[in-house]
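One structure is given below, encoded as structure tokens.
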2 protein chains.
Amino acid sequence: MAHNHEEILCKVRHELPTDELLCDLADLFKVFGDTTRMKILYSLFESEMCVCAIAELLGMTQSAISHQLKVLKNANLVANRREGKTIYYFLADEHVRTIVAQGFEHLIEKHHDNRIGVIEK
Amino acid sequence: MAHNHEEILCKVRHELPTDELLCDLADLFKVFGDTTRMKILYSLFESEMCVCAIAELLGMTQSAISHQLKVLKNANLVANRREGKTIYYFLADEHVRTIVAQGFEHLIEKHHDNRIGVIEK
DNA sequence: CCAATATATGCACCACCGTTCATATGTATT
DNA sequence: AATACATATGAACGGTGGTGCATATATTGG
């Protein structure tokens, strides 16, 4: 903290959301930040699915999928309905699609930038 | 894998992106999934800032901030420019704002749902 | 009510990640 | 060239989180 930046600090400080909100935001994105959960979400883009179907699709334990579905549900990204013994999971709302789509766009854009060779520094 | 779901598995399997893409997507969101990095991004929403300013703003070590800035830069979320001894970081593009904004909307919507009491199950 | 199926959960292991400390690199000033 | 300032980096420590195993819960059929 040698050179001074009082002006900027004051300005930014007042615009920053509360720690709680920032933490909640990070926690939300943390849910998207796992390959297994991302695969589950993408699967549900197509249609609702039961737990064992997802497990078979991803070649993983039913337990692992169940654990991750719980995380997704806690974040309000998926919901479920029961039909006899089986429980079907589906996307909770359209935010999931938009958020993932935005991430996707960022990826391909940056990937394209790297291919055509953006001048760095 | 007791009851059968051949139809759904075949259908979804063909629509799923490659493992590499899904992994890249998860890795991207992983970057958003940390409170410190989220604070840094939100700070840069207002204006570009140098490393020590961010460190002072967040009350954290210069080293910690530097490490996180590297993560953000590797994900192409921020970029920097040098001006003498100090290095200013800024948002790399507008995707950052849109992605965070979408997450924000999801949060407040779900929070509102909980307040008015959505009938669950 | 017991067996079978579908899912959920608690626990433990392991890997990964964020922080700090110490130090290195880079830049300007004198 | 030497010093001071701004930032970067490497190693290590501690905590968190994803997975599998074993087991519990729930629903249906006989």
Side-chain angles (χ1 to χ4, degrees), chain A residues 1-5 8-9 19 22-23 26-41 44 48-75 78-90 120-121, chain B residues 1-5 8-9 19 22-23 26-41 44 48-75 78-90 120-121:
Chain A
M1 51 165 161
H3 74 267
N4 102 331
H5 8 59
I8 301 180
L9 285 193
D19 268 38
L22 290 167
C23 201
D27 284 342
L28 174 61
F29 285 114
K30 211 171 290 179
V31 178
F32 288 95
D34 175 78
T35 311
T36 300
R37 287 191 292 264
M38 188 60 71
K39 287 181 184 176
I40 295 178
L41 290 177
L44 299 183
E48 65 173 13
M49 294 179 82
C50 63
V51 181
C52 61
I54 301 176
E56 190 178 346
L57 175 67
L58 304 188
M60 294 178 63
T61 308
Q62 172 267 324
S63 174
I65 302 299
S66 193
H67 278 295
Q68 299 300 5
L69 283 171
K70 186 175 186 177
V71 175
L72 290 168
K73 194 181 177 192
N74 284 341
V78 305
N80 57 17
R81 68 181 180 85
R82 175 180 283 274
E83 186 171 306
K85 281 179 277 191
T86 79
I87 298 185
Y88 291 93
Y89 280 82
F90 50 91
E120 291 279 3
K121 177 224 203 119
Chain B
M1 50 167 162
H3 75 266
N4 102 331
H5 8 58
I8 302 180
L9 286 193
D19 268 38
L22 290 166
C23 200
D27 285 342
L28 173 63
F29 286 113
K30 211 172 290 180
V31 177
F32 289 94
D34 175 78
T35 312
T36 300
R37 288 193 291 266
M38 187 61 71
K39 286 181 184 176
I40 295 178
L41 290 176
L44 299 183
E48 65 173 15
M49 294 180 83
C50 62
V51 181
C52 61
I54 301 175
E56 190 178 348
L57 174 67
L58 305 187
M60 295 179 63
T61 309
Q62 171 267 324
S63 176
I65 302 298
S66 193
H67 278 295
Q68 300 299 6
L69 283 171
K70 186 175 187 178
V71 175
L72 290 169
K73 195 182 176 192
N74 284 340
V78 306
N80 58 16
R81 68 182 180 85
R82 175 180 283 275
E83 188 171 306
K85 281 179 279 192
T86 79
I87 298 186
Y88 291 93
Y89 280 82
F90 50 90
E120 294 278 4
K121 181 233 200 118

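Chain A is the first sequence line, chain B the second, and so forth, proteins listed ahead of strands; every chain is numbered from 1.
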> When you check every protein heavy atom under 4.0 Å of nucleotides 18-24 of chain D, what one-letter string (B, S, -) results, 5' to 3'?
Replying inline: SBBB---
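- Atoms CG and OH, from B:Leu69 and B:Tyr89 in turn, are 5.0 Å apart once rounded to the nearest 0.5 Å.
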Mind listing the side-chain donor-acceptor pairs of residues 26-37 of chain B below 3.5 Å, one per line with the distance, residues two or more places apart or on another chain?
unit_1	atom_1	unit_2	atom_2	d
B:Asp27	OD1	B:Lys30	NZ	3.2
B:Asp34	OD2	B:Thr36	N	3.1
B:Asp34	OD2	B:Arg37	N	3.1
B:Arg37	NE	B:Val31	O	2.7
B:Arg37	NH1	B:Gln68	OE1	2.8
B:Arg37	NH2	B:Lys30	O	3.2

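- When rounded to the nearest whole Å, the span between CD1 of A:Ile87 and P of D:dT28 equals 11 Å.
- If you measure from atom CG of A:Asp27 to atom P of D:dT16, you get 12 Å, rounded to the nearest angstrom.
- Using a 4.5 Å heavy-atom threshold, the side chains of B:His5 and A:Cys52 count as touching.
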>> Treating primed atoms plus P, OP1 and OP2 as sugar-phosphate and everything else as base, which nucleotides of nucleotides 25-30 of chain C get B, S or - for protein heavy atoms under 4.0 Å?
In response: -SBS--
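- For the side chain to side chain contact (heavy atoms under 4.5 Å, CB included) test, residues two or more places apart in sequence or in another chain that qualify with A:Ala64 are A:Met60, A:Thr61.
- Counting to the nearest Å, the C1' atom of D:dT7 and the CD1 atom of B:Ile65 are 12 Å from each other.
- Among the protein residues, A:Tyr89 comes within range of the sugar-phosphate backbone only, with heavy atoms under 4.0 Å from sugar or phosphate atoms but none that close to a base.
- Helix bend of the helix from C:dC1-D:dG30 to C:dT30-D:dA1: the angle between its two end axes, each built from five pairs, comes to 20° after rounding to 10°.
- Put simply, CG on A:Asn80 is 17 Å from P on C:dA6, counting in whole angstrom units.
- A straight line from CZ of B:Phe32 to C1' of C:dG18 spans 18 Å, rounded to a whole angstrom.
- Put simply, B:Lys70 has no side-chain N or O that comes within less than 4.0 Å of OP1 or OP2 on D:dA8.
- Note: CD (B:Glu56) to C1' (D:dT7) measures 16 Å, nearest angstrom.
- Applying the side-chain hydrogen bond (donor to acceptor under 3.5 Å, both in side chains) rule to A:Gln62 yields no partners; only residues at least two apart in sequence or on another chain are considered.
- The distance between atom CE of A:Met49 and atom P of C:dT7, rounded to the nearest whole Å, is 11 Å.
- For D:dA6, the OP1/OP2 oxygens have a side-chain nitrogen or oxygen of A:His3 closer than 4.0 Å.
- At whole-Å resolution of the value, NZ in B:Lys39 and P in C:dG18 are 14 Å apart.
- With rounding to the nearest 0.5 angstrom, the CD1 atom of B:Ile40 is 6.0 Å from the CG atom of B:Leu58.
- Applying the side chain to side chain contact (heavy atoms under 4.5 Å, CB included) test to A:Ile8 and every residue at least two apart in sequence or in another chain returns A:Val12, B:Ser47, B:Met49.
- Put simply, SG on B:Cys50 and CD1 on B:Ile65 are 11.5 Å apart, with the number rounded to the nearest 0.5 Å.
- With sequence neighbours left out, the side chain to side chain contact (heavy atoms under 4.5 Å, CB included) criterion links A:Phe90 to A:Glu48, A:Ala79, A:Arg81.
- By the salt bridge (charged side-chain N to carboxylate O under 4.0 Å, His left out) test, B:Arg82 is found to be paired with no residue, residues two or more places apart in sequence or in another chain being considered.
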>> Let's go through A:Lys39 and A:Ile54 carefully: what are the C-alpha distance in whole Å and the side-chain angles of both, what is the deciding distance for side-chain contact (heavy atoms from CB on, under 4.5 Å) to 0.1 Å, and is it a yes or a no?
In response: CA-CA 9 Å; A:Lys39 287 181 184 176; A:Ile54 301 176; over 6 Å; no
